[in-house]
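In this chain, residues are counted from 1 in sequence order.
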Amino acid sequence: MSELLERHRAVLPAWLALYYDSPLEIVSGRGRRVQDADGVSYLDFFGGILTNMLGYDIPEVREAVERRLRTGVVHTSTLYLIRSQVELAEKVARLSGIPDAKVFFTNSGTEANETALLLATHARRSDQVLALRNSYHGRSYAATAVTGSRSWKNSSLSPLNVHYLHGTDRERFPQLSDQEYARFCVEDLRSCLATATATDVACLLVEPIQGVGGFTAVPDGLLREYKQVLDEHGILLISDEVQTGWGRTGETFWGIGAHGVTPDAMTFAKGLGNGLAIGGVVARGDLMDGLPANGISTFGGNPLATAAANATIDYLLDHELQANAHRIGGRLIAGLRAAAEKLPTVGAVRGKGLMFAVDMVDPETGQPSPALAATVLEEARKHRLLIGKGGLHGNALRMAPPLTLTDGEAEEGLAALIEALETVDRADRTDRADRTDPR
């Protein structure tokens, strides 16, 4: 055990997860590559959990941060005007597509979802909230309460009355066609509203593609059908875009764009600051202005974070990174699907743009295999590739490279990942053969 790992375990919570049998310390980065404390370089296909959206040491972002640092003022609080905050809010409001939009900045996706829930429950005068099974919306009290995954729930206590819907569990209903499954989900929503809730439900909070849930996606168009039902009851639709925002899915700028519907509010965070802490909510003006009490965010939308975020958005748009995500992501997903056909330990390959996942399964039973996923994670590291994992059963390998990924880096990463998958698959076959050999 390294000296730093010993110190980590002595003073940080036991539930603070670390990747790898021998956790690594990242000390520097440039472009899409990082270097650990031992001088080993890695191609990063996870980007700090989708946070380093442009990659590392991007000159335009670094220079924006350095200009702000040279002023000597990195914080003032929202009690004062912040020019970069106003400029950023104008950009986010315009890009959101929400009519008469207003923006409130926070420090994280958790805080953003807390704010959105506050807006909705106040507007509707109700603590009733709808969410999806297998969802994840943050670590705080209310955000955990609305999270639909037992792996991330520490308590049954909740400030909210939550009901969970279907939408990303398509594999549980193999007898249904895609159309039949969508129809079933809508009927389930209607049934939930008719039997399980009172008449004043506040909102549906939904990830268009579930992040921690293993990049499982709501079928395209389903949220539009959900909203038609919600509108009948005056229920608000909030899209959690913490992981799907800013063009990562390639097809649309926001994940909900695949559904042809405009939500009442969206939450965002992760990649906006390209590593600096920033999140927020963009919502209809009347919804945002509805809170009667005073409110501030001490650090949310501070001058340093908003300087980085403005530079990040400008770079994203100027370099057409959404199109890059669509083009390169399509090639990566196609390559993985082709490789998976020959690998019994690989189950589903899914994703959109530069947000894709591979399920590891027991080749005999088809059941999720978190052990195989953990082994591939380690093997990919040996091939100098950093990836993530997650999913309801912990068997999903998650990949979300920076949106600046080049063609050459995509080919390199794909080759490394396939080689890691093939190595683990061969080892699994050998192990099973050894166990069944009567000698």
Q: Apply side-chain contact (heavy atoms from CB on, under 4.5 Å) to H326 and T249, showing your working.
A: CA-CA 7 Å; H326 180 69; T249 67; over 6 Å; no

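- Looking only at distances, no side-chain donor or acceptor of H259 sits under 3.5 Å from a matching main-chain atom of D220.
- Residues T267 and N113 have side chains that bring a donor and an acceptor to within less than 3.5 angstrom of each other.
- For I49, the CD1 atom is loosely surrounded, since the number of other residues' heavy atoms within 6.0 Å does not exceed 12.
- K153 and T144 get closest at one heavy-atom pair: NZ-O, 3.0 Å.
- Enclosure of atom CZ in R30 is not indicated, since only 12 or fewer non-hydrogen atoms of other residues, nucleotides or ligands lie within 6.0 angstrom.
- Using a 30° and 60° split on the angle between ring planes, Y181 and F173 fall in the tilted class, from 30° to 60°.
- Residues L372 and D428 meet the side-chain proximity criterion, which asks for heavy atoms closer than 4.5 Å.
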Q. After noting the C-alpha distance and the side-chain angles of T306 and V86, does the key distance pass the side-chain contact (heavy atoms from CB on, under 4.5 Å) rule?
A. CA-CA 9 Å; T306 51; V86 174; over 6 Å; no

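- For the residue pair S84/N310, the side-chain donor-acceptor check at 3.5 Å is not satisfied.
- Using a 4.0 Å cut-off between charged nitrogen and carboxylate oxygen, R331 and E411 count as a salt-bridge pair.
- If you check the side chains of T244 and E241, you find a donor sitting under 3.5 Å from an acceptor.
- Note that CG of D57 and OG of S28 are 9.5 Å apart. Values are rounded to the nearest 0.5 Å.
- Distance check, rounded to the nearest 0.5 Å: CE of M288 to OG1 of T115 gives 8.0 Å.
- Heavy atoms only, all atoms of each residue included: R398 and V212 are closest at NH1-N, 3.5 Å.
- Shown here for A217 and I209, the closest heavy-atom pair between the two residues is CB-CG1, 3.9 Å.
- Among the candidates L354, L385, V358, the single residue satisfying the side-chain contact (heavy atoms from CB on, under 4.5 Å) test with M399 is V358.
- When side chains are defined from C-beta on, S239 does not count as touching F268, because their heavy atoms never get closer than 4.5 Å.
- A donor-acceptor pair is defined here as one N or O able to donate and one able to accept, closer than 3.5 Å; such a pair exists between the side chain of T78 and the backbone of S297.
- Looking at heavy atoms from C-beta onward, T312 lies out of side-chain contact with I58 at the 4.5 angstrom threshold.
- Other residues, nucleotides and ligands contribute at most 12 non-hydrogen atoms within 6.0 Å of the CD atom of Q179.
- For the residue pair N134 / Q210, a side-chain donor-acceptor distance below 3.5 Å is found, with atom types taken as modelled.
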Q: I would like to know whether R248 and Q243 meet side-chain contact (heavy atoms from CB on, under 4.5 Å); could you show each step before the answer?
A: CA-CA 8 Å; R248 176 166 288 281; Q243 297 202 25; over 6 Å; no

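- Electrostatic pairing of K91 and D314 counts as a salt bridge here, judged by a charged N lying under 4.0 Å from a carboxylate O.
- Side-chain contact of H75 with N302: a donor-acceptor pair under 3.5 Å is absent, judged by distance alone.
- When side chains are defined from C-beta on, T216 does not count as touching D169, because their heavy atoms never get closer than 4.5 Å.
- Of the possible donor and acceptor atoms, none in the side chain of D100 sits under 3.5 Å from a partner among the backbone N and O of R284.
- A distance of 12.5 Å separates OG1 of T71 from CD of E66, quoted to the nearest 0.5 Å.
- Cation-pi check for R381 over Y20 is met; the charged atom lies under 6.0 angstrom from the ring centroid and within 45 degrees of its normal.
- Distance check: T262 OG1 to W254 CH2 gives 12.0 Å after rounding to the nearest 0.5 Å.
- A donor and an acceptor atom, one from each side chain of T404 and R32, are located under 3.5 Å apart.
- A distance-only check finds a donor-acceptor pair linking the side chain of E409 to the backbone of T406 [under 3.5 Å].
- Taking all atoms of both residues into account, the shortest heavy-atom contact from P401 to L405 is CB-CD2, 3.9 Å.
- With sequence neighbours left out, Y226 forms a ring-ring contact (aromatic ring centres under 6.0 Å, His included) with no residue at all.
- Between C203 and the choices V146, L117, L119, L130, the side-chain contact (heavy atoms from CB on, under 4.5 Å) rule is met once, by L117.
- The closest side-chain heavy-atom distance from I238 to L204 is not below 4.5 Å.
- When all heavy atoms of V242 and G109 are compared, the closest pair comes out as CG2-CA, 3.8 Å.
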Q) Can you list the steps and then say if F184 with L176 is a side-chain contact (heavy atoms from CB on, under 4.5 Å)? A) CA-CA 9 Å; F184 161 75; L176 300 180; 4.2 Å; yes

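- A search for ring-ring contact (aromatic ring centres under 6.0 Å, His included) contacts involving F105 returns nothing, not counting sequence neighbours.
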Q: Begin from the C-alpha positions of D425 and K342 and carry the test salt bridge (charged side-chain N to carboxylate O under 4.0 Å, His left out) through to its verdict.
A: CA-CA 10 Å; D425 188 82; K342 305 172 186 176; over 6 Å; no

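- Between the side chains of Q35 and S41, no donor-acceptor pair is found at a separation under 3.5 Å.
- The backbone N or O of G47 sits nowhere less than 3.5 Å from a side-chain atom of T51 that would complete a donor-acceptor pair.
- Checked by atom type and distance alone, the side chain of S140 never pairs as donor or acceptor with a backbone atom of T110 at under 3.5 Å.
- Listed for the R124 side chain is no donor-acceptor partner under 3.5 Å among the backbone atoms of L236.
- Side-chain polar atoms of T375 and E378 form no donor-acceptor pair below 3.5 angstrom.
- Annotation: R83, atom CZ; neighbour count of heavy atoms from other residues, nucleotides and ligands within 6.0 Å does not exceed 12.
- The main-chain N or O of N324 is never found under 3.5 Å from a side-chain atom of E320 such that the two would form a donor-acceptor pair.
- Between F46 and I387, every side-chain heavy-atom pair lies at or beyond the 4.5 Å cut-off.
- When only modelled atom types and interatomic distance are considered, Y141 and N154 share no side-chain donor-acceptor pair under 3.5 Å.
- Formation of a donor-acceptor pair under 3.5 Å by the D36 side chain with backbone atoms of V40 is found in this model.
- Remark: T76 OG1 to L81 CG distance equals 9.0 Å, nearest 0.5 Å.
- Between E412 and R33 there is a salt bridge, since a side-chain N of the basic residue sits under 4.0 Å from a carboxylate O of the acidic one.
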Under 3.5 Å donor-acceptor pairs involving side-chain atoms of residues 272-282, not counting sequence neighbours:
unit_1, atom_1, unit_2, atom_2, d
N274, OD1, M53, N, 3.0
N274, OD1, L54, N, 2.7
N274, ND2, G55, O, 3.2

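- Proximity of W246 to I313: side-chain heavy atoms (C-beta onward) are separated by under 4.5 Å at one or more points.
- To the nearest 0.5 Å, the span separating CE on M355 from CG on L403 amounts to 11.0 Å.
- N52 and D44 share no side-chain donor-acceptor pair at under 3.5 Å.
- Under a 3.5 Å cut-off, the side chain of K227 and the backbone N or O of V261 do not form any donor-acceptor pair.
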